[in-house]
Amino acid sequence: MTEEQTAAARACLAAAESDTATFPAIVGALVGAGFESYAVDFRRATATYYLPSGDSLELPTHKAATAIAPALDDAGLTAAIREAQQQVPGYTYRGFCEKAAAAGCAGYIVSFPGRRAVYFARTGQTHVELFPGS
């Protein structure tokens with residue numbers, strides 16, 4: 001992994017956590033830097049960025065204050081995702097993470113070639129969300 005790729009991943013995480021870039025902008029920057037996916041783990045408070053070569057970079061994220069619910073509440077998770085997609089007034093990424101955890105989401109994987117995010121629960125339940133327009 002190059003220094004530029006590491007810097008891009010760090011900048012995208014900082015932009016997400018400070019609400020200074022949208023999901024589409026972050027995806028565009030990561031794709032432009034050569035990444036193929038990333039994963040966020042709410043339990044470990046980490047984000048891992050993956051290159052097609054298999055190289056990866058793990059970075060610390062903020063720790064959610066909300067406990068992860070024991071089972072996936074698909075309706076609650078979907079509502080949090082829609083708020084993010086629509087950038088409703090008052091939306092924040094940290095707020096999204098809190099709502100996702102309360103809905104039982106333990107983390108998610110974003111695949112750029114697959115054009116989707118896969119949210120997963122502690123139970124192994126999943127929710128697949130295609131990128132808008134896919």
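For reference, positions follow the sequence shown, starting with 1.
Within the model, atoms CG of Asp19 and CD of Gln87 stand 8.0 Å from one another, a figure rounded to the nearest 0.5 Å. In this structure, CD1 on Ile81 lies 11.5 Å from CD on Gln86, to the nearest 0.5 angstrom. Atoms CZ and NE2, from Phe42 and His62 in turn, are 7.0 Å apart once rounded to the nearest 0.5 Å. Expressed to the nearest 0.5 Å, how far OH of Tyr50 lies from CD1 of Ile109 amounts to 7.0 Å. Separating the CG atom in Leu77 from the CZ atom in Phe120 is a distance of 11.5 Å, to the nearest 0.5 Å. Residue Arg94 holds its CZ atom at 5.0 Å from CD of Glu17, rounded to the nearest 0.5 Å.
Across every non-hydrogen atom of Gly34 and Pro52, the tightest pair is O-CD, 3.2 Å. Closest approach of Leu13 and Ala47 over heavy atoms only: CD1-CB, 4.4 Å. When all heavy atoms of Ala29 and Cys12 are compared, the closest pair comes out as CB-SG, 3.6 Å. Here the closest non-hydrogen pair linking Leu57 and Ala9 is CD2-CB, 3.8 Å. In terms of heavy atoms, Ser111 sits closest to Phe131 at O-CZ, 3.7 Å. When every heavy atom of Ala71 is checked against every heavy atom of Thr123, the shortest pair comes out as CA-CG2, 4.4 Å.
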Worksheet item: Do Phe112 and Val27 pass the side-chain contact (heavy atoms from CB on, under 4.5 Å) test, and can you show the C-alpha distance, the side-chain angles, and the key distance before you say yes or no?
Response: CA-CA 8 Å; Phe112 306 142; Val27 168; 3.8 Å; yes
Item to complete: Could you walk me through whether Phe23 and Phe96 pass the side-chain contact (heavy atoms from CB on, under 4.5 Å) test, one step at a time?
Response: CA-CA 12 Å; Phe23 177 75; Phe96 165 79; over 6 Å; no
Worksheet item: After noting the C-alpha distance and the side-chain angles of Thr48 and Ser56, does the key distance pass the side-chain contact (heavy atoms from CB on, under 4.5 Å) rule?
Response: CA-CA 7 Å; Thr48 306; Ser56 65; 4.0 Å; yes
Item to complete: Please step through side chain to side chain donor-acceptor pair (under 3.5 Å) for the pair His127 and Gln125, ending with a clear verdict.
Response: CA-CA 7 Å; His127 172 91; Gln125 292 169 280; over 6 Å; no
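Taking the side chain as every heavy atom from C-beta outward, Gln5 and Leu51 approach each other to under 4.5 Å. Under the 4.5 Å side-chain criterion, counting only non-hydrogen atoms from C-beta, Leu59 is not in contact with Thr46. Looking at heavy atoms from C-beta onward, Arg44 lies out of side-chain contact with Lys63 at the 4.5 angstrom threshold.
Between Glu129 and Arg82, at least one side-chain nitrogen of the basic residue sits less than 4.0 Å from a carboxylate oxygen of the acidic one, meeting the salt-bridge criterion.
For the pair Arg116 (side chain) and Gly114 (backbone), a donor-acceptor distance under 3.5 Å is present. Checking side-chain atoms of Glu98 against main-chain N and O of Thr66 turns up a donor-acceptor pair under 3.5 Å. Under a 3.5 Å cut-off, the side chain of Arg122 and the backbone N or O of Ile68 do form a donor-acceptor pair. Thr61 places a side-chain N or O within donor-acceptor distance of the main-chain N or O of Ala45, the cut-off being under 3.5 Å.
Val31 and Val118 fall into different hydrophobic clusters, where Ile, Leu, Val, Met, Phe, Trp and Tyr are joined by side-chain heavy atoms under 4.5 Å apart, directly or via other members.
Just one residue in the list Leu30, Asp55, Thr6 forms a side-chain contact (heavy atoms from CB on, under 4.5 Å) with Tyr49, and that residue is Leu30.
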